[in-house]
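Reviewing the structure listed below.
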Amino acid sequence: MKITQDLVQGALFSIIGLVALVMALQFPLGTPNRMGPGFFPVVISALLLLTGIAILMRGRLGKSEVIAMSRWWPIAIVTVAIIVFGFLLDKLGLPVSVLLLCIGAGTASITFALNWKAVAGAVAFSAACGLLFVTLLGLPIPLVGSWLQVLAVR
Amino acid sequence: MDIFSGLLLGFQTASTLTNFAYCFAGVLLGTAVGVLPGLGPIATISMLLPFTFGLPVDTALIMLAGIFYGSQYGGSTTAILMNLPGEASSVVTTLDGHEMAKQGKAGRALAAAAIGSFFAGTIGTLFIVIAAPVLSSMALSFGPTEYFSLIVLGLVTSMVLTSGSLLTGFGMVLLGMLLGMIGTDVNSGAARYTFGSPDLLDGLNFVVIATGIFGLGDVLANLENERSRSATVAKVSSLFPTREDWKRMSAPIARGTGIGVLLGVLPGAGLLLSSFSAYALEKKISKHPEMFGKGAIEGVAAPEAANNAAAQTAFIPMLTLGLPGTATMALMIGALVVQGVQPGPNILSEQPALFWGLVVSMWMGNLMLLILNLPLVGMWAKLISVPYKYLFPLICVFTAIGVYSIRNSAFDVYLMALFGVLGYVFRKAGAEPAPLILALILGPMAEEYLRRSMLISHGNAGVFFSSPVSMGTLLIAAVLLVSILLPGFRKLRQEGLQEVD
């Protein structure tokens with residue numbers, strides 16, 4: 001089966017709508033006079049479900065554009081690199097985490113090459129980020145993270 | 001406080017050395033990030049947000065406004081020099097702007113855009129000065145029913161004006177409202193859609209979602225098609241418009257400004273409608289309509305003026321009602337709330353220095369853009385030609401640090417990554433995310449006002465038709481919805497948006 005835009009939209013809307021509706025039904029509905037926490041979510045998620053179904057039906061009538069996927073790995077690499085960054089930020093400190101994110105995300109490019117120029121650039125940028133965000137702007141992010149501090153103490 | 005003492009207070013606030021310097025820094029940074037291909041105002045503002053966190057409220061707001069103008073202007077530079085519009089409203093600029101650049105008249109196109117923007121910005125600011133106090137005092141008499149109807153109108157217009165189908169726009173609005181419900185319900189204290197996670201009790205942070213969808217989503221989409229990214233940047237020639245140029249562009253600038261000032265105030269109507277109706281008008285009344293699309297300076301000056309005037313007056317509903325009309329304004333509200341300011345009708349009476357300082361700095365920001373950016377255009381052109389492989393890791397770093405620093409939460413970074421993927425999926429599925437962003441911030445307000453209205457009326461929905469303001473607003477929304485279903489308007493909208501595509 002070809003994956004069309006309408007199929008993706010319809011599936012996304014109806015699945016989220018259905019799940020949200022089932023969850024919303026567990027909240028007290030209240031009355032129109034005094035709406036409970038469930039009232040608005042039930043209305044909105046039901047409408048979302050219906051919209052999703054309508055888009056799926058429109059997709060059955062044809063004419064929706066087919067989605068072509070060419071390369072999925074850059075998407076995976078960048079997403080994982082950012083999640084790892086979030087996890088390591090207070091453990092390794094800002095400069096080291098930025099360095100890892102730069103190089104990690106960089107591998108997603110088709111023209112990526114790990115040469116000394118790229119590494120030197122990334123190191124300089126990480127140092128600049130530490131200086132700018134922590135020293136100058138005073139964001140409460142450690143320059144040396146908790147894991148590295150433990151190492152230093154030993 | 002009358003207008004003159006207000007303006008005086010504004011000049012006092014905006015012209016302190018600190019505020020002036022931060023306005024300047026904001027314009028410069030905003031332009032620098034905004035010229036980068038693919039980074040529209042939303043992504044630019046959310047990336048630069050952490051720079052404003054440590055500042056006092058008025059300084060932060062002034063810098064934000066500078067970033068906002070800079071990012072918008074930077075987008076036109078990219079549109080003209082590279083044929084890559086950063087956001088939908090600068091698509092019209094590419095039609096004639098890039099054509100002029102190809103003919104070796106890039107400098108004159110940039111000058112037309114800058115001059116048009118400055119003129120429009122000045123008139124737009126004056127309009128705010130006159131209209132905002134009036135609307136503010138009117139807004140004080142608005143009850144929950146009026147607010148609810150205005151929100152409905154805003155959401156309907158944002159749906160009608162997306163480039164996809166109406167049904168898709170409706171789905172995106174609903175999805176945005178659902179995302180807005182995540183967190184603790186203020187009235188009952190019930191935890192809704194939190195999946196038991198304490199991180200979700202406060203709800204999703206708006207800036208996190210916007211950064212994910214617009215900043216990261218764009219990186220992912222670009223990386224997928226990295227090979228096909230064209231990187232030809234037109235050369236910048238002489239910046240001075242000829243006498244003939246002045247003659248041809250002055251009237252279009254004035255007309256574009258008029259259109260932009262009026263359309264900018266409408267909630268949800270935003271920049272897209274103003275820039276493309278200004279373009280359509282010029283083409284219609286021109287003696288040489290065949291010149292359009294082939295490098296007509298009118299086709300650059302008018303939409304750029306309209307765009308900038310609308311960007312200016314879009315501040316009016318946000319400042320006076322607390323209702324954002326565009327996704328960018330929604331982001332500005334998000335930024336204000338981070339600063340501890342709740343925009344609304346009281347802001348003018350309770351924080352006059354903040355309000356007037358912002359208004360005056362708007363005009364100063366526009367002036368800075370004009371005198372700063374034309375001479376620097378060569379530098380921006382160089383910045384545009386930085387290869388994407390060096391650029392995107394830096395975008396990832398800035399978005400991640402920015403999102404983390406809002407409340408020092410790694411959870412928000414994970415959330416942004418998730419919404420980046422979702423933003424990528426939206427793009428692939430042809431679903432424009434702007435209505436979702438708007439609904440994310442308007443949804444919770446809509447629920448709150450709906451509840452209060454129903455409580456006042458004892459559950460009678462007729463209350464929305466009892467006040468003239470509320471009924472009028474709903475009527476406009478209904479007419480918009482019906483008109484889009486009519487075949488004639490449908491054809492017009494399709495043609496209009498196609499021209500934009």
Side-chain angles (χ1 to χ4, degrees), chain A residues 5 8-9 12-13 16-17 20 23-24 27-28 31-37 40-41 44-45 47-48 51-52 54-55 58 65 67 69-72 74-75 78-79 81-83 85-87 89-90 94 98 101-103 105-106 108-112 121-122 125 129 133 137-141, chain B residues 50-51 53-54 165 167-168 170-171 174-175 177-178 181 185 187-188 190 192-193 216 219-220 223-227 387-390 392-394 396-397 399-401 404-405 408 410-414 416-418 420-421 424-425 428-431 443 446-447 450-451 454-455 458-461:
Chain A
Q5 293 194 332
V8 173
Q9 281 181 21
L12 198 69
F13 290 158
I16 296 177
M23 288 175 75
F27 307 132
T31 59
N33 189 351
R34 266 182 194 284
M35 290 186 202
F40 208 60
I44 299 296
S45 51
L47 282 174
L48 185 62
T51 311
I55 291 176
R58 183 177 73 185
E65 248 178 84
I67 296 179
M69 273 288 280
S70 45
R71 305 186 315 139
W72 59 268
I75 293 145
V78 170
T79 311
I82 288 179
I83 291 174
F85 173 83
F87 179 72
L89 194 53
D90 50 350
L94 184 80
V98 166
L101 175 56
C102 262
I103 294 175
S109 169
I110 30 175
T111 50
F112 177 77
F125 177 68
C129 273
F133 287 106
L137 291 172
L139 297 185
I141 306 172
Chain B
F51 289 92
F53 284 163
S165 75
L167 207 54
T168 308
F170 188 51
L174 294 170
L175 194 56
M177 288 177 118
L178 264 186
M181 279 175 216
D185 171 36
N187 289 40
S188 61
R192 297 193 294 190
Y193 300 121
L216 197 55
V219 168
L220 298 180
L223 278 175
E224 196 202 349
N225 303 310
E226 206 184 345
R227 231 180 277 270
Y388 199 62
K389 63 171 171 176
Y390 298 128
F392 84 87
L394 308 192
C396 292
V397 167
T399 51
I401 294 179
Y404 179 89
S405 57
N408 294 315
F411 179 80
D412 284 349
V413 178
Y414 309 148
M416 180 194 71
L418 176 78
V421 176
Y424 166 79
V425 172
K428 291 298 270 186
E447 183 184 13
L450 179 65
R451 271 179 173 168
M454 296 307 261
L455 193 63
H458 304 290
N460 178 9

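Not measured: the values here are computed from a predicted model. Chain identifiers are assigned alphabetically (A, B, ...) following the order of the sequence lines, protein sequences preceding nucleic acid strands; residue numbering begins at 1 within each chain.
- Neither the backbone nor the side chain of B:F411 comes within contact range of chain A, judged by heavy atoms closer than 4.5 Å.
- Interface remark: B:N408 contributes side-chain atoms only to the contact with chain A (heavy atom separation under 4.5 Å).
- For A:R71 (side chain) and B:L223 (main-chain N/O), a donor-acceptor pair under 3.5 Å exists by modelled atom type.
- A 4.5 Å side-chain heavy-atom check between A:F27 and B:S188 finds every atom pair outside the cut-off.
- Checked against ring-ring contact (aromatic ring centres under 6.0 Å, His included), A:F125 has the following partners two or more places apart in sequence or in another chain: B:F398.
- When atom types are taken as modelled, the side chain of B:Y424 and the backbone of A:I75 share no donor-acceptor pair closer than 3.5 angstrom.
- For the atom pair CD of A:E65 and NZ of B:K428, the computed distance is 10.5 Å after rounding to the nearest 0.5 Å.
- Contact check for A:I141 versus B:Y404: side-chain heavy atoms found under the 4.5 Å cut-off.
- Only the side chain of B:S405 comes within contact range of chain A, with heavy atoms under 4.5 Å apart.
- The line from OG1 of B:T168 to CD1 of A:I55 is 4.5 Å long, rounded to the nearest 0.5 Å.
- Counting only heavy atoms from C-beta outward, the side chains of A:L94 and B:I401 approach each other to under 4.5 Å.
- Your options are B:G420, B:A461, B:A400, B:A446, and the one with the most heavy-atom pairs under 4.5 Å with chain A is B:A400.
- With chain B as partner, the option from A:P28, A:A24, A:P41, A:P32 having the largest number of non-hydrogen pairs under 4.5 angstrom is A:P41.
- Interatomic distance, A:I83 CD1 to B:Y414 OH, rounded to the nearest 0.5 Å: 8.0 Å.
- Between the side chain of B:R451 and the main chain of A:G36, a donor-acceptor pair closer than 3.5 Å is present.
- Contact of A:L89 with chain B is made through the side chain alone, with heavy-atom distances under 4.5 Å.
- Under the rule for a ring-ring contact (aromatic ring centres under 6.0 Å, His included), the partners of B:F392 that lie at least two apart in sequence or sit in another chain are B:Y388.
- Between A:I82 and B:L216 there is a side-chain heavy-atom pair separated by less than 4.5 Å.
- Counting only heavy atoms from C-beta outward, the side chains of B:N187 and A:P37 never approach each other to under 4.5 Å.
- Among B:M454, B:M181, B:E447, B:K389, the residue making the largest number of heavy-atom pairs under 4.5 Å with chain A is B:E447.
- Looking at A:P74 and B:E224, their side chains never come closer than 4.5 Å, going by heavy atoms from C-beta outward.
- For A:L47, the parts sitting under 4.5 Å from any heavy atom of chain B are the backbone and the side chain alike.
- Heavy atoms closer than 4.5 Å to chain B are found nowhere in A:I103, neither backbone nor side chain.
- The CZ atom of A:R58 sits 5.5 Å away from atom CG of B:L167, with the distance rounded to the nearest 0.5 Å.
- The candidate from A:I44, A:I67, A:D90 with the greatest count of non-hydrogen atom pairs under 4.5 Å with chain B is A:I44.
- Proximity to chain A is limited to the side chain of B:A190, based on heavy atoms less than 4.5 angstrom apart.
- At a threshold of 4.5 Å between non-hydrogen side-chain atoms, the residues B:L178 and A:S45 count as touching.
- Counting heavy-atom pairs under 4.5 Å between each of A:F13, A:F133, A:F40 and chain B puts A:F40 at the top.
- Heavy atoms closer than 4.5 Å to chain B are found in both the backbone and the side chain of A:F87.
- Chosen from A:G52, A:A81, A:G138, A:A105, the residue pairing most often with chain B at heavy-atom distances under 4.5 Å is A:A105.
- Counting heavy-atom pairs closer than 4.5 Å to chain A, the top residue among B:A429, B:G459, B:A410 is B:A429.
- Ranked by heavy-atom pairs shorter than 4.5 Å toward chain A, the options B:V425, B:T399, B:L418, B:V413 are led by B:V413.
- Annotation: side chain of A:C102 is in contact with side chain of B:L394 (closest heavy-atom distance under 4.5 Å).
- With a 4.5 Å cut-off on non-hydrogen atoms, B:V421 touches chain A through its side chain but not through its backbone.
- Heavy atoms closer than 4.5 Å to chain B are found in both the backbone and the side chain of A:T79.
- Heavy-atom distances place no part of A:A122 under 4.5 Å from chain B, backbone and side chain included.
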